[in-house]
Amino acid sequence: MAMDDQSRVFVRKLLIWYKKAARELPWRDTRNPYAILVSEFMLQQTQVSRVLEYFPRFMARFPTIDALARSRPKAVMEQWDGLGYYARARNLHALAKVVSRTLHGQLPDDPVQLQELPGVGKYTAGAVACFAYQKAVPAVDTNVRRVLSRVFGNAKFGMRNAELWRLASTLVPKNGERAWKFNQAMMELGALVCTARVPKCQDCPVKKHCRYTARLNSRNRIHGRAHPE
DNA sequence: GTCCCGGGCG
DNA sequence: CGCCCGGGAC
């Protein structure tokens with residue numbers, strides 16, 4: 001599907017905003033697939049602030065996927081202790097063993113192959129393919145889902161999951177480096193501005209292209225509230 | 001204290 | 001669709 005002009009402007013503004021607004025996070029500094037995998041497993045269930053505490057320790061203790069594969073379950077669980085969702089630590093360990101023994105320690109770069117691994121669903125597969133290997137594929141997590149629904153959705157019908165993935169596919173730049181930035185930027189916008197409870201629409205780089213903002217403004221005009229520009 | 005949030009899985 | 005498990009908003 002081709003991109004319309006509105007979508008092009010949306011992507012451009014998003015990327016410009018990301019350049020100045022992005023937080024510096026350790027897993028954004030690396031293209032090491034294993035490091036990115038570990039960060040994604042942790043981020044599936046935990047806020048950034050806590051992952052910042054666990055991620056460096058985990059990487060220091062298990063520096064490679066082979067090192068993780070060779071480790072005792074007890075040692076892995078110790079590093080995960082306090083993060084919750086312990087099935088994921090077991091999945092990560094199982095994944096490391098599979099990749100170490102059957103794939104020479106090389107994580108696949110193909111989302112379909114990634115998704116066959118334990119604990120890796122559609123989102124994590126896309127995230128690893130894009131963030132580690134610069135594949136121009138979408139990665140739709142809850143943040144991205146929320147941003148897309150608000151910007152491109154309408155009031156009556158919520159967008160279905162398949163619809164959101166299709167929309168994300170049309171928006172992702174074809175260039176790998178730009179795709180990386182786009183996916184990071186979508187999540188950053190969802191985390192910092194387009195938040196679940198009270199979105200900070202005043203600070204939003206794409207408010208002029210957003211149907212949600214448009215809906216808010218028309219509602220406020222009807223009820224005589226101040227225009228939230 | 002109570003409620004809400006979240007990827008993947010069964 | 002409910003569960004896993006902790007944090008944070010209210």
Side-chain angles (χ1 to χ4, degrees), chain A residues 23 25-28 33-58 65 68 73-99 107-133 135 137-150 153 158-169 172 180 182-203 212:
Chain A
R23 294 168 291 180
L25 302 170
W27 46 92
R28 284 183 176 154
Y34 168 65
I36 287 165
L37 180 83
V38 171
S39 73
E40 290 301 338
F41 263 70
M42 289 183 173
L43 289 161
Q44 280 175 6
Q45 65 206 43
T46 313
Q47 312 92 303
V48 166
S49 59
R50 310 205 62 235
V51 174
L52 281 171
E53 188 185 331
Y54 280 77
F55 175 74
R57 274 210 307 264
F58 194 97
I65 201 162
L68 179 61
K74 183 166 176 280
V76 178
M77 296 315 286
E78 271 169 22
Q79 288 303 310
W80 207 268
D81 189 40
L83 273 180
Y85 287 94
Y86 299 97
R88 313 244 172 138
R90 290 190 287 275
N91 281 336
L92 181 58
H93 196 196
L95 182 157
K97 288 179 181 175
V98 171
V99 172
L107 270 174
D109 64 358
D110 172 17
V112 176
Q113 283 171 258
L114 283 163
Q115 235 185 294
E116 290 167 6
L117 299 168
V120 179
K122 199 166 164 62
Y123 164 72
T124 304
V128 171
C130 180
F131 297 149
Y133 297 108
K135 294 278 172 182
V137 295
V140 181
D141 70 349
T142 298
N143 279 323
V144 176
R145 184 170 291 124
R146 187 172 58 250
V147 172
L148 291 176
S149 305
R150 283 185 178 153
M159 277 193 264
R160 296 171 175 287
N161 205 33
E163 212 178 336
L164 289 168
W165 277 92
R166 249 183 286 121
L167 174 56
S169 304
V172 180
W180 186 99
F182 170 81
N183 284 325
Q184 293 284 358
M186 288 292 282
M187 288 191 254
E188 198 74 336
L189 190 68
L192 300 180
V193 177
C194 196
T195 47
R197 285 182 211 78
V198 188
K200 303 171 177 64
C201 295
Q202 332 79 264
D203 304 335
Y212 179 82

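Since this is a predicted model, take the numbers as computed values, not measurements.
Distances were taken from every side-chain heavy atom of R197(A) (C-beta onward) to each of dC10(C), dG6(B), dC9(B); the shortest belongs to dC10(C). Candidate nucleotides dG6(B), dG8(B), dA9(C) were compared by shortest atom distance to the side chain of Y123(A), and dG8(B) ranks first. In this structure, of dC9(B), dC5(C), dG8(C), it is dC5(C) that holds the atom nearest to the side chain of Y86(A). Side-chain proximity of Y85(A) to the nucleotides dG6(C), dC4(C), dC9(B) is greatest for dC4(C).
Summarising the geometry, the separation between NZ on K200(A) and P on dA9(C) is reported as 10 Å, rounded to the nearest angstrom. Distance, R145(A) CZ to dC5(B) C1': 13 Å, rounded to whole Å. At whole-Å resolution of the value, CG in L117(A) and P in dG8(B) are 12 Å apart. The CZ atom of F41(A) sits 8 Å away from the P atom of dG8(B) (whole-angstrom rounding). We find that NZ of K122(A) is positioned 17 Å from C1' of dC9(B), with the value rounded to whole Å. Spacing between atom CG of L92(A) and atom P of dG8(B) amounts to 13 Å, rounded to whole angstrom units. Rounded to an integer number of Å, the gap from CE of M42(A) to P of dG6(C) is 14 Å. What separates CZ of R90(A) from C1' of dC5(C) is a distance of 12 Å, to the nearest Å.
Taking the nucleotide of DNA chain B with the nearest heavy atom to each of P118(A) and A196(A), the more 5' of the two is matched to A196(A). Of the two residues near DNA chain C, A87(A) and S49(A), the one whose nearest nucleotide lies more 5' is A87(A). Where Q45(A) and V198(A) each meet DNA chain C at their nearest nucleotide, the meeting point lying more 5' is that of Q45(A).
For T124(A) (side chain) and G121(A) (main-chain N/O), no donor-acceptor pair under 3.5 Å exists by modelled atom type. No side-chain donor-acceptor contact under 3.5 Å links Y86(A) to the backbone of D81(A). In this structure a side-chain-to-backbone donor-acceptor pair under 3.5 Å is present from N183(A) to V137(A).
In this model, the phosphate group of dG6(C) is not approached by any side-chain N or O of R50(A) to a distance below 4.0 Å at OP1 or OP2. Listed pair T46(A) / dG6(B) fails the phosphate criterion, with no side-chain N or O lying under 4.0 Å from OP1 or OP2.
Using a 4.0 Å heavy-atom criterion, one finds that R146(A) contacts the sugar-phosphate atoms exclusively. Across all strands shown, Q47(A) has heavy atoms under 4.0 Å from sugar-phosphate atoms exclusively, and none from any base.
The number of heavy-atom neighbours closer than 6.0 Å to CZ of R57(A), taken from other residues, nucleotides and ligands shown, is above 12.
At a cut-off of 3.5 Å, with distance as the only test, a side-chain donor of E40(A) or Y123(A) sits close to an acceptor on the other residue.
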